[in-house]
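Read through the structure below, which is laid out as C-alpha coordinates, and then see the notes.
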2 protein chains.
Amino acid sequence: MIIVENKTIKIRNKHITHKRLISAVGSLLAKKGFKGLGVNAIAREAGVDKVLIYRYFDGLPGLISAYGKEGNFWPSALELAGGDLHQFVECSLSEKLSALGHNFIKALKKRPVTCEIMIWEMSERNELTAELEAIREDSMMEFFQMFLLTKNNEQDLQAVVSLIGAAISYLVLRSRNIDLYGGLDLSSDHGWQRLENAIKVIIHGVVGENE
Amino acid sequence: MIIVENKTIKIRNKHITHKRLISAVGSLLAKKGFKGLGVNAIAREAGVDKVLIYRYFDGLPGLISAYGKEGNFWPSALELAGGDLHQFVECSLSEKLSALGHNFIKALKKRPVTCEIMIWEMSERNELTAELEAIREDSMMEFFQMFLLTKNNEQDLQAVVSLIGAAISYLVLRSRNIDLYGGLDLSSDHGWQRLENAIKVIIHGVVGENE
DNA sequence: CCCTTATATCACCGAGCGGTGACAAAATCA
DNA sequence: TGATTTTGTCACCGCTCGGTGATATAAGGG
(Lines give C-alpha, C1' and ligand atoms only; values in the text may rest on other atoms or scores of the structure.)
Protein backbone atom coordinates (compact mmCIF):
# COMPACT_ATOMS: atom_id res chain seq x y z
CA MET A 1 0.00 0.00 0.00
CA ILE A 2 1.53 3.25 -1.22
CA ILE A 3 0.09 6.72 -0.78
CA VAL A 4 0.88 9.30 -3.45
CA GLU A 5 -0.78 12.70 -3.68
CA ASN A 6 -3.76 11.71 -1.52
CA LYS A 7 -4.38 8.61 -3.57
CA THR A 8 -3.86 5.14 -2.12
CA ILE A 9 -2.35 2.65 -4.48
CA LYS A 10 -2.45 -1.00 -3.48
CA ILE A 11 0.47 -3.11 -4.46
CA ARG A 12 -0.71 -6.31 -6.06
CA ASN A 13 1.20 -9.43 -5.26
CA LYS A 14 -0.12 -12.93 -5.19
CA HIS A 15 2.47 -14.28 -2.77
CA ILE A 16 1.89 -11.59 -0.22
CA THR A 17 -1.85 -12.08 -0.38
CA HIS A 18 -1.35 -15.80 0.01
CA LYS A 19 0.67 -15.28 3.14
CA ARG A 20 -1.74 -12.70 4.53
CA LEU A 21 -4.64 -15.10 4.23
CA ILE A 22 -2.76 -18.00 5.74
CA SER A 23 -1.48 -16.01 8.68
CA ALA A 24 -4.94 -14.54 9.20
CA VAL A 25 -6.14 -18.09 9.86
CA GLY A 26 -3.56 -18.43 12.62
CA SER A 27 -4.24 -15.13 14.32
CA LEU A 28 -7.97 -15.65 14.12
CA LEU A 29 -7.62 -19.11 15.66
CA ALA A 30 -5.60 -17.60 18.48
CA LYS A 31 -8.02 -14.75 19.03
CA LYS A 32 -11.43 -16.33 18.59
CA GLY A 33 -10.95 -20.08 18.45
CA PHE A 34 -12.26 -22.35 15.77
CA LYS A 35 -15.80 -21.08 16.13
CA GLY A 36 -16.42 -18.28 13.72
CA LEU A 37 -13.45 -19.20 11.57
CA GLY A 38 -15.16 -18.44 8.25
CA VAL A 39 -14.36 -16.83 4.94
CA ASN A 40 -15.75 -13.45 5.92
CA ALA A 41 -13.85 -13.25 9.18
CA ILE A 42 -10.60 -14.44 7.64
CA ALA A 43 -10.82 -12.01 4.74
CA ARG A 44 -11.52 -9.17 7.15
CA GLU A 45 -8.60 -10.16 9.34
CA ALA A 46 -6.29 -10.34 6.32
CA GLY A 47 -7.54 -7.04 4.96
CA VAL A 48 -8.30 -8.70 1.67
CA ASP A 49 -11.39 -9.63 -0.30
CA LYS A 50 -12.89 -12.99 0.50
CA VAL A 51 -13.24 -13.96 -3.14
CA LEU A 52 -9.47 -14.47 -3.19
CA ILE A 53 -9.89 -17.37 -0.79
CA TYR A 54 -11.84 -19.13 -3.49
CA ARG A 55 -9.51 -18.03 -6.27
CA TYR A 56 -6.27 -19.03 -4.58
CA PHE A 57 -7.27 -21.89 -2.34
CA ASP A 58 -10.46 -23.23 -3.90
CA GLY A 59 -12.36 -22.27 -0.77
CA LEU A 60 -12.00 -22.45 2.99
CA PRO A 61 -10.94 -26.10 3.27
CA GLY A 62 -8.06 -25.50 0.89
CA LEU A 63 -6.93 -22.44 2.83
CA ILE A 64 -7.13 -24.25 6.13
CA SER A 65 -5.20 -27.17 4.76
CA ALA A 66 -2.52 -24.79 3.47
CA TYR A 67 -2.34 -23.28 6.95
CA GLY A 68 -1.93 -26.73 8.45
CA LYS A 69 1.03 -27.50 6.22
CA GLU A 70 2.87 -24.30 7.13
CA GLY A 71 2.48 -24.34 10.86
CA ASN A 72 4.74 -25.46 13.68
CA PHE A 73 2.08 -26.82 15.94
CA TRP A 74 3.73 -29.71 17.58
CA PRO A 75 6.84 -29.81 19.79
CA SER A 76 9.87 -31.40 18.20
CA ALA A 77 11.63 -34.39 19.71
CA LEU A 78 14.30 -31.96 20.79
CA GLU A 79 11.83 -29.85 22.72
CA LEU A 80 10.23 -32.89 24.33
CA ALA A 81 13.64 -34.11 25.37
CA GLY A 82 14.35 -30.82 27.09
CA GLY A 83 16.65 -29.17 24.58
CA ASP A 84 19.69 -31.43 24.84
CA LEU A 85 19.44 -34.79 23.16
CA HIS A 86 22.88 -36.01 24.26
CA GLN A 87 22.09 -35.36 27.88
CA PHE A 88 18.67 -36.94 27.45
CA VAL A 89 19.92 -40.26 26.13
CA GLU A 90 22.24 -40.56 29.12
CA CYS A 91 19.33 -40.53 31.56
CA SER A 92 17.68 -43.54 33.11
CA LEU A 93 14.35 -44.57 31.68
CA SER A 94 12.43 -43.17 34.61
CA GLU A 95 14.24 -39.86 34.36
CA LYS A 96 13.52 -39.74 30.66
CA LEU A 97 9.83 -40.31 31.20
CA SER A 98 9.54 -37.76 33.97
CA ALA A 99 11.29 -35.18 31.84
CA LEU A 100 9.04 -36.05 28.95
CA GLY A 101 5.96 -35.38 31.05
CA HIS A 102 7.32 -32.11 32.33
CA ASN A 103 8.37 -30.89 28.91
CA PHE A 104 5.13 -31.95 27.29
CA ILE A 105 3.14 -29.91 29.78
CA LYS A 106 5.30 -26.89 29.09
CA ALA A 107 5.13 -27.36 25.35
CA LEU A 108 1.34 -27.59 25.27
CA LYS A 109 0.83 -24.66 27.59
CA LYS A 110 2.82 -22.38 25.34
CA ARG A 111 0.89 -23.37 22.19
CA PRO A 112 -2.60 -21.95 22.49
CA VAL A 113 -3.35 -22.47 18.82
CA THR A 114 -2.39 -26.12 19.08
CA CYS A 115 -4.72 -26.44 22.05
CA GLU A 116 -7.48 -24.83 20.08
CA ILE A 117 -6.96 -27.27 17.23
CA MET A 118 -6.89 -30.26 19.57
CA ILE A 119 -10.30 -29.26 20.88
CA TRP A 120 -11.47 -28.73 17.34
CA GLU A 121 -10.29 -32.25 16.48
CA MET A 122 -12.53 -33.69 19.13
CA SER A 123 -15.61 -31.85 18.00
CA GLU A 124 -15.37 -32.40 14.27
CA ARG A 125 -13.22 -33.74 11.51
CA ASN A 126 -12.03 -31.56 8.68
CA GLU A 127 -8.99 -30.99 6.48
CA LEU A 128 -6.94 -29.24 9.09
CA THR A 129 -7.66 -31.55 11.95
CA ALA A 130 -6.99 -34.61 9.80
CA GLU A 131 -3.72 -33.08 8.62
CA LEU A 132 -2.54 -32.24 12.12
CA GLU A 133 -3.66 -35.52 13.59
CA ALA A 134 -1.40 -37.33 11.17
CA ILE A 135 1.54 -35.06 11.94
CA ARG A 136 1.09 -35.54 15.67
CA GLU A 137 0.67 -39.26 15.56
CA ASP A 138 3.82 -39.60 13.44
CA SER A 139 5.74 -37.36 15.78
CA MET A 140 4.68 -39.28 18.87
CA MET A 141 5.53 -42.63 17.36
CA GLU A 142 8.91 -41.36 16.20
CA PHE A 143 9.68 -40.21 19.70
CA PHE A 144 8.64 -43.55 21.14
CA GLN A 145 10.86 -45.46 18.79
CA MET A 146 13.84 -43.18 19.21
CA PHE A 147 14.02 -43.09 22.95
CA LEU A 148 11.64 -45.32 24.77
CA LEU A 149 11.23 -48.66 23.09
CA THR A 150 14.83 -49.73 22.76
CA LYS A 151 14.39 -52.59 25.14
CA ASN A 152 11.46 -54.95 25.19
CA ASN A 153 9.64 -54.26 28.39
CA GLU A 154 7.29 -56.85 29.75
CA GLN A 155 4.98 -54.00 30.66
CA ASP A 156 3.13 -52.21 27.89
CA LEU A 157 5.19 -49.08 28.36
CA GLN A 158 3.74 -47.51 25.24
CA ALA A 159 0.25 -47.69 26.67
CA VAL A 160 1.36 -46.21 29.98
CA VAL A 161 3.12 -43.30 28.30
CA SER A 162 0.17 -42.71 25.99
CA LEU A 163 -2.10 -42.63 28.98
CA ILE A 164 0.03 -40.02 30.72
CA GLY A 165 0.13 -38.00 27.51
CA ALA A 166 -3.63 -38.19 27.21
CA ALA A 167 -4.07 -37.03 30.78
CA ILE A 168 -1.75 -34.08 30.24
CA SER A 169 -3.55 -33.15 27.04
CA TYR A 170 -6.94 -33.21 28.70
CA LEU A 171 -5.85 -31.25 31.71
CA VAL A 172 -4.04 -28.55 29.75
CA LEU A 173 -6.95 -28.13 27.35
CA ARG A 174 -9.45 -28.07 30.16
CA SER A 175 -7.47 -25.70 32.34
CA ARG A 176 -7.90 -22.98 29.74
CA ASN A 177 -11.53 -22.66 30.79
CA ILE A 178 -11.95 -24.54 34.05
CA ASP A 179 -9.76 -24.30 37.11
CA LEU A 180 -10.74 -27.34 39.13
CA TYR A 181 -10.39 -31.00 38.27
CA GLY A 182 -10.79 -33.74 40.84
CA GLY A 183 -9.68 -31.40 43.57
CA LEU A 184 -6.59 -30.29 41.65
CA ASP A 185 -6.37 -26.53 41.17
CA LEU A 186 -5.07 -26.24 37.64
CA SER A 187 -4.90 -22.47 37.80
CA SER A 188 -2.04 -22.66 40.28
CA ASP A 189 1.53 -23.87 40.01
CA HIS A 190 0.90 -25.95 43.09
CA GLY A 191 -1.80 -27.96 41.32
CA TRP A 192 0.49 -28.68 38.40
CA GLN A 193 3.27 -29.61 40.79
CA ARG A 194 1.04 -32.19 42.44
CA LEU A 195 0.30 -33.52 38.98
CA GLU A 196 3.94 -33.78 37.99
CA ASN A 197 4.68 -35.54 41.24
CA ALA A 198 1.90 -37.99 40.52
CA ILE A 199 3.46 -38.66 37.14
CA LYS A 200 6.80 -39.36 38.81
CA VAL A 201 5.13 -41.71 41.27
CA ILE A 202 3.44 -43.58 38.45
CA ILE A 203 6.62 -43.88 36.43
CA HIS A 204 8.66 -45.13 39.35
CA GLY A 205 5.93 -47.61 40.12
CA VAL A 206 5.94 -48.95 36.59
CA VAL A 207 9.59 -48.97 35.53
CA GLY A 208 11.39 -48.86 38.86
CA GLU A 209 13.73 -46.21 40.20
CA ASN A 210 16.97 -47.06 38.53
CA GLU A 211 16.08 -48.65 35.29
CA MET B 1 -52.38 -32.21 18.42
CA ILE B 2 -55.77 -33.52 17.35
CA ILE B 3 -57.02 -33.90 13.81
CA VAL B 4 -60.76 -33.53 13.24
CA GLU B 5 -62.40 -33.29 9.82
CA ASN B 6 -59.19 -32.29 8.04
CA LYS B 7 -58.49 -29.56 10.58
CA THR B 8 -55.58 -29.84 12.98
CA ILE B 9 -56.28 -28.58 16.46
CA LYS B 10 -53.27 -28.03 18.70
CA ILE B 11 -53.71 -28.77 22.35
CA ARG B 12 -52.29 -25.95 24.43
CA ASN B 13 -50.45 -26.97 27.53
CA LYS B 14 -47.61 -25.11 29.12
CA HIS B 15 -46.08 -28.13 30.83
CA ILE B 16 -46.00 -30.22 27.71
CA THR B 17 -44.42 -27.43 25.73
CA HIS B 18 -41.86 -26.97 28.49
CA LYS B 19 -40.91 -30.61 28.30
CA ARG B 20 -40.86 -30.62 24.53
CA LEU B 21 -38.41 -27.76 24.44
CA ILE B 22 -36.16 -29.23 27.09
CA SER B 23 -36.04 -32.64 25.51
CA ALA B 24 -35.42 -31.07 22.12
CA VAL B 25 -32.19 -29.68 23.55
CA GLY B 26 -31.09 -33.19 24.46
CA SER B 27 -31.97 -34.82 21.19
CA LEU B 28 -30.38 -32.00 19.23
CA LEU B 29 -27.20 -32.28 21.30
CA ALA B 30 -27.10 -35.99 20.56
CA LYS B 31 -27.77 -35.54 16.86
CA LYS B 32 -25.77 -32.47 15.92
CA GLY B 33 -23.53 -31.63 18.85
CA PHE B 34 -23.27 -28.26 20.50
CA LYS B 35 -22.61 -26.46 17.26
CA GLY B 36 -25.84 -25.23 15.80
CA LEU B 37 -27.68 -25.53 19.08
CA GLY B 38 -29.72 -22.35 18.64
CA VAL B 39 -33.24 -21.11 19.20
CA ASN B 40 -34.33 -21.79 15.66
CA ALA B 41 -33.05 -25.36 15.57
CA ILE B 42 -34.43 -26.19 19.01
CA ALA B 43 -37.86 -24.79 18.21
CA ARG B 44 -37.91 -26.73 14.95
CA GLU B 45 -36.91 -29.92 16.72
CA ALA B 46 -39.59 -29.41 19.37
CA GLY B 47 -42.23 -28.57 16.77
CA VAL B 48 -42.99 -25.36 18.59
CA ASP B 49 -42.51 -21.67 17.96
CA LYS B 50 -39.22 -20.21 19.06
CA VAL B 51 -40.82 -17.29 20.79
CA LEU B 52 -41.87 -19.70 23.52
CA ILE B 53 -38.21 -20.17 24.43
CA TYR B 54 -38.12 -16.51 25.36
CA ARG B 55 -41.51 -16.58 27.06
CA TYR B 56 -40.90 -19.63 29.24
CA PHE B 57 -37.14 -19.62 29.76
CA ASP B 58 -36.12 -16.01 29.17
CA GLY B 59 -34.05 -17.07 26.22
CA LEU B 60 -31.62 -19.78 25.24
CA PRO B 61 -29.37 -19.65 28.32
CA GLY B 62 -32.36 -20.20 30.58
CA LEU B 63 -33.55 -23.14 28.52
CA ILE B 64 -30.12 -24.70 28.47
CA SER B 65 -29.76 -24.26 32.19
CA ALA B 66 -33.16 -25.90 32.71
CA TYR B 67 -31.98 -28.79 30.57
CA GLY B 68 -28.84 -29.10 32.66
CA LYS B 69 -30.84 -29.38 35.87
CA GLU B 70 -33.05 -32.15 34.53
CA GLY B 71 -30.46 -34.41 32.99
CA ASN B 72 -28.67 -37.49 34.19
CA PHE B 73 -25.33 -36.78 32.67
CA TRP B 74 -22.91 -38.15 35.15
CA PRO B 75 -22.55 -41.71 36.45
CA SER B 76 -23.61 -42.22 40.03
CA ALA B 77 -21.27 -43.54 42.67
CA LEU B 78 -23.16 -46.80 42.39
CA GLU B 79 -22.45 -47.06 38.67
CA LEU B 80 -18.80 -46.19 39.14
CA ALA B 81 -18.53 -48.84 41.82
CA GLY B 82 -19.89 -51.44 39.43
CA GLY B 83 -23.46 -51.77 40.66
CA ASP B 84 -22.87 -53.32 44.06
CA LEU B 85 -21.59 -51.04 46.77
CA HIS B 86 -21.31 -53.75 49.44
CA GLN B 87 -19.13 -55.87 47.22
CA PHE B 88 -17.11 -52.82 46.24
CA VAL B 89 -16.18 -51.81 49.77
CA GLU B 90 -14.88 -55.31 50.44
CA CYS B 91 -12.30 -55.04 47.67
CA SER B 92 -8.67 -54.10 48.14
CA LEU B 93 -7.69 -50.58 47.18
CA SER B 94 -6.05 -51.67 43.97
CA GLU B 95 -9.09 -53.69 42.98
CA LYS B 96 -11.30 -50.71 43.73
CA LEU B 97 -9.23 -48.45 41.55
CA SER B 98 -9.05 -50.88 38.67
CA ALA B 99 -12.80 -51.35 38.77
CA LEU B 100 -13.25 -47.60 38.93
CA GLY B 101 -11.23 -47.16 35.75
CA HIS B 102 -13.10 -49.89 33.95
CA ASN B 103 -16.51 -48.62 35.00
CA PHE B 104 -15.66 -45.03 34.20
CA ILE B 105 -14.71 -45.98 30.65
CA LYS B 106 -17.98 -47.83 30.22
CA ALA B 107 -20.01 -45.03 31.76
CA LEU B 108 -18.53 -42.38 29.50
CA LYS B 109 -18.83 -44.46 26.36
CA LYS B 110 -22.53 -44.92 26.88
CA ARG B 111 -23.18 -41.21 27.41
CA PRO B 112 -22.67 -39.46 24.07
CA VAL B 113 -24.44 -36.32 25.23
CA THR B 114 -22.17 -36.07 28.24
CA CYS B 115 -19.18 -36.43 25.93
CA GLU B 116 -20.54 -33.69 23.73
CA ILE B 117 -20.94 -31.41 26.73
CA MET B 118 -17.44 -32.17 27.99
CA ILE B 119 -16.02 -31.04 24.68
CA TRP B 120 -18.23 -27.99 24.79
CA GLU B 121 -16.84 -27.19 28.24
CA MET B 122 -13.36 -27.06 26.84
CA SER B 123 -14.22 -24.73 24.01
CA GLU B 124 -16.37 -22.22 25.85
CA ARG B 125 -18.06 -21.43 29.12
CA ASN B 126 -21.79 -20.97 29.37
CA GLU B 127 -24.68 -21.69 31.70
CA LEU B 128 -24.91 -25.37 30.92
CA THR B 129 -21.23 -26.13 31.02
CA ALA B 130 -20.82 -24.24 34.28
CA GLU B 131 -23.78 -26.09 35.76
CA LEU B 132 -22.50 -29.49 34.75
CA GLU B 133 -18.95 -28.77 35.74
CA ALA B 134 -20.12 -28.13 39.27
CA ILE B 135 -22.20 -31.30 39.36
CA ARG B 136 -19.31 -33.37 38.10
CA GLU B 137 -16.73 -31.95 40.39
CA ASP B 138 -19.00 -32.52 43.39
CA SER B 139 -19.70 -36.06 42.31
CA MET B 140 -16.02 -36.88 41.84
CA MET B 141 -15.04 -35.48 45.18
CA GLU B 142 -17.85 -37.32 46.92
CA PHE B 143 -16.66 -40.55 45.40
CA PHE B 144 -13.10 -39.86 46.49
CA GLN B 145 -14.14 -39.20 50.03
CA MET B 146 -16.47 -42.16 50.26
CA PHE B 147 -14.19 -44.85 48.99
CA LEU B 148 -10.65 -43.83 48.33
CA LEU B 149 -9.36 -41.45 50.92
CA THR B 150 -10.16 -43.37 54.07
CA LYS B 151 -6.54 -43.85 54.92
CA ASN B 152 -3.86 -41.23 54.61
CA ASN B 153 -1.58 -42.40 51.87
CA GLU B 154 1.87 -41.00 51.66
CA GLN B 155 1.40 -40.88 47.92
CA ASP B 156 -0.92 -38.25 46.49
CA LEU B 157 -3.47 -40.85 45.52
CA GLN B 158 -6.01 -38.22 44.62
CA ALA B 159 -3.70 -36.77 41.99
CA VAL B 160 -2.98 -40.21 40.54
CA VAL B 161 -6.65 -41.08 40.28
CA SER B 162 -7.47 -37.69 38.77
CA LEU B 163 -4.76 -38.24 36.22
CA ILE B 164 -6.18 -41.60 35.21
CA GLY B 165 -9.63 -40.06 35.02
CA ALA B 166 -8.34 -37.26 32.83
CA ALA B 167 -6.66 -39.74 30.51
CA ILE B 168 -9.84 -41.79 30.18
CA SER B 169 -11.86 -38.67 29.51
CA TYR B 170 -9.53 -37.49 26.78
CA LEU B 171 -9.31 -40.86 25.10
CA VAL B 172 -13.04 -41.52 25.12
CA LEU B 173 -13.82 -38.04 23.80
CA ARG B 174 -11.15 -38.30 21.16
CA SER B 175 -12.06 -41.80 20.07
CA ARG B 176 -15.41 -40.51 18.85
CA ASN B 177 -13.63 -38.87 15.92
CA ILE B 178 -10.12 -40.27 15.81
CA ASP B 179 -9.10 -43.90 15.97
CA LEU B 180 -5.41 -43.74 16.71
CA TYR B 181 -3.59 -42.32 19.72
CA GLY B 182 0.03 -43.03 20.43
CA GLY B 183 -0.19 -46.31 18.61
CA LEU B 184 -3.29 -47.42 20.52
CA ASP B 185 -6.20 -48.32 18.26
CA LEU B 186 -9.15 -46.84 20.13
CA SER B 187 -11.65 -48.17 17.61
CA SER B 188 -10.96 -51.73 18.71
CA ASP B 189 -11.61 -53.61 21.92
CA HIS B 190 -8.00 -54.67 21.86
CA GLY B 191 -6.82 -51.07 22.11
CA TRP B 192 -9.04 -50.42 25.10
CA GLN B 193 -7.88 -53.64 26.69
CA ARG B 194 -4.27 -52.50 26.43
CA LEU B 195 -5.33 -49.30 28.07
CA GLU B 196 -7.12 -50.98 30.92
CA ASN B 197 -4.11 -53.20 31.47
CA ALA B 198 -1.92 -50.12 31.60
CA ILE B 199 -4.21 -48.68 34.24
CA LYS B 200 -3.88 -51.86 36.29
CA VAL B 201 -0.10 -51.75 35.97
CA ILE B 202 -0.06 -48.15 37.11
CA ILE B 203 -2.29 -48.82 40.07
CA HIS B 204 -0.32 -51.81 41.22
CA GLY B 205 2.85 -49.81 40.90
CA VAL B 206 1.47 -47.01 43.03
CA VAL B 207 -0.53 -48.73 45.77
CA GLY B 208 0.89 -52.25 45.71
CA GLU B 209 -0.86 -55.50 44.94
CA ASN B 210 -2.53 -56.32 48.20
CA GLU B 211 -3.29 -53.03 49.82
C1' DC C 1 -73.14 -18.67 26.41
C1' DC C 2 -69.72 -14.82 26.07
C1' DC C 3 -65.58 -12.76 27.71
C1' DT C 4 -61.13 -12.90 29.54
C1' DT C 5 -56.75 -14.88 29.68
C1' DA C 6 -53.34 -18.10 28.78
C1' DT C 7 -51.07 -20.21 25.02
C1' DA C 8 -49.15 -20.50 20.55
C1' DT C 9 -48.38 -18.77 15.69
C1' DC C 10 -46.95 -15.68 12.25
C1' DA C 11 -44.59 -12.14 9.86
C1' DC C 12 -40.99 -9.48 10.01
C1' DC C 13 -36.40 -7.10 11.32
C1' DG C 14 -31.33 -6.39 10.94
C1' DA C 15 -27.21 -8.91 10.83
C1' DG C 16 -23.97 -12.25 9.40
C1' DC C 17 -23.00 -16.13 6.75
C1' DG C 18 -20.98 -18.71 2.28
C1' DG C 19 -20.68 -17.97 -2.40
C1' DT C 20 -20.57 -15.65 -7.25
C1' DG C 21 -20.55 -12.64 -11.36
C1' DA C 22 -19.42 -8.15 -13.15
C1' DC C 23 -16.18 -4.85 -13.04
C1' DA C 24 -11.73 -1.90 -11.92
C1' DA C 25 -7.05 -1.33 -11.95
C1' DA C 26 -2.27 -2.72 -11.66
C1' DA C 27 1.27 -5.54 -13.93
C1' DT C 28 3.16 -7.56 -17.83
C1' DC C 29 4.39 -8.11 -22.33
C1' DA C 30 4.28 -7.10 -27.41
C1' DT D 1 2.72 2.88 -26.51
C1' DG D 2 -1.35 -0.31 -26.50
C1' DA D 3 -3.34 -4.88 -25.62
C1' DT D 4 -3.71 -8.68 -22.51
C1' DT D 5 -3.38 -10.98 -18.28
C1' DT D 6 -3.15 -10.94 -13.47
C1' DT D 7 -4.76 -9.26 -9.22
C1' DG D 8 -8.16 -7.19 -6.35
C1' DT D 9 -12.81 -4.73 -5.30
C1' DC D 10 -17.63 -4.34 -5.18
C1' DA D 11 -22.38 -5.37 -5.21
C1' DC D 12 -25.41 -8.71 -4.81
C1' DC D 13 -27.76 -13.42 -4.00
C1' DG D 14 -30.20 -16.72 -0.93
C1' DC D 15 -29.97 -18.43 3.42
C1' DT D 16 -29.98 -18.85 8.60
C1' DC D 17 -29.49 -16.65 12.69
C1' DG D 18 -31.34 -14.30 17.23
C1' DG D 19 -34.97 -11.52 18.55
C1' DT D 20 -39.75 -8.99 18.75
C1' DG D 21 -44.53 -7.03 18.06
C1' DA D 22 -48.99 -8.00 16.32
C1' DT D 23 -52.28 -11.44 15.92
C1' DA D 24 -54.93 -15.81 16.19
C1' DT D 25 -57.07 -19.32 18.90
C1' DA D 26 -57.81 -22.78 22.64
C1' DA D 27 -59.04 -23.05 27.72
C1' DG D 28 -61.48 -21.73 31.48
C1' DG D 29 -64.45 -18.81 34.55
C1' DG D 30 -68.75 -15.92 35.05
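Every chain is numbered from 1 and lettered A, B, ... according to where its sequence line falls, protein lines coming before strand lines.
Taking the side chain to side chain contact (heavy atoms under 4.5 Å, CB included) definition, one finds that Lys110(A) meets it with Glu79(A), sequence neighbours left out.
Considering CD1 of Ile117(A) and CG of Asn126(A), their distance stands at 9.5 Å, rounded to 0.5 Å.
Between Arg55(A) and Arg44(A), the one whose closest nucleotide on DNA chain C sits nearer the 5' end is Arg44(A). For the pair Tyr54(B) and Asp49(A), nearest-nucleotide mapping onto DNA chain D gives the more 5' position to Asp49(A). Heavy-atom nearest nucleotides on DNA chain D were determined for Gly59(B) and for Gly47(A), and the one closer to the 5' end corresponds to Gly47(A).
Between His15(A) atom NE2 and dG8(D) atom C1' the separation is 16 Å, expressed in whole Å. Rounded to whole Å, atom C1' of dG21(D) lies 13 Å from atom NZ of Lys50(B). Rounded to whole Å, atom C1' of dA25(C) lies 16 Å from atom CG of Asn13(A). Here dT9(C) presents its C1' atom at 17 Å from CD1 of Ile11(B), a figure rounded to the nearest Å. The distance from atom CD1 of Ile53(B) to atom P of dG19(D) is 10 Å, rounded to the nearest whole Å. Regarding Leu21(B), its CG atom lies at a distance of 14 Å from the C1' atom of dT9(C), rounded to whole Å. dT20(D) atom P lies 13 Å from atom CG of Leu60(B), rounded to whole Å. Summarising the geometry, the separation between CG on Leu52(B) and P on dG19(D) is reported as 15 Å, rounded to the nearest angstrom.
Here the options are Phe34(B), Phe57(B), Phe73(B), the test is ring-ring contact (aromatic ring centres under 6.0 Å, His included), and the partner is Tyr67(B); only Phe73(B) passes.
With respect to Glu45(A) and Lys31(A), a salt bridge is recorded, a charged nitrogen being found less than 4.0 Å from a carboxylate O.
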Next on the checklist: Apply side chain to side chain contact (heavy atoms under 4.5 Å, CB included) to residues Leu37(B) and Ile64(B) and explain how you reach the verdict.
Outcome noted: CA-CA 10 Å; Leu37(B) 188 70; Ile64(B) 288 179; 4.3 Å; yes

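Side chain of Arg174(A) to backbone of Tyr181(A): no donor-acceptor contact under 3.5 angstrom is found.
For DNA chain D, the neighbouring residues in residues 22-43 of chain B, judged by any heavy atom under 4.0 Å, are Gly38(B), Val39(B), Asn40(B).
Listed by first then second residue, pairs satisfying side-chain hydrogen bond (donor to acceptor under 3.5 Å, both in side chains) with a partner in residues 48-60 of chain B read Asn40(B)-Lys50(B), not counting sequence neighbours.
Between dG8(D) and Thr17(A), a contact under 4.0 Å exists linking OP1 or OP2 to a side-chain N or O.
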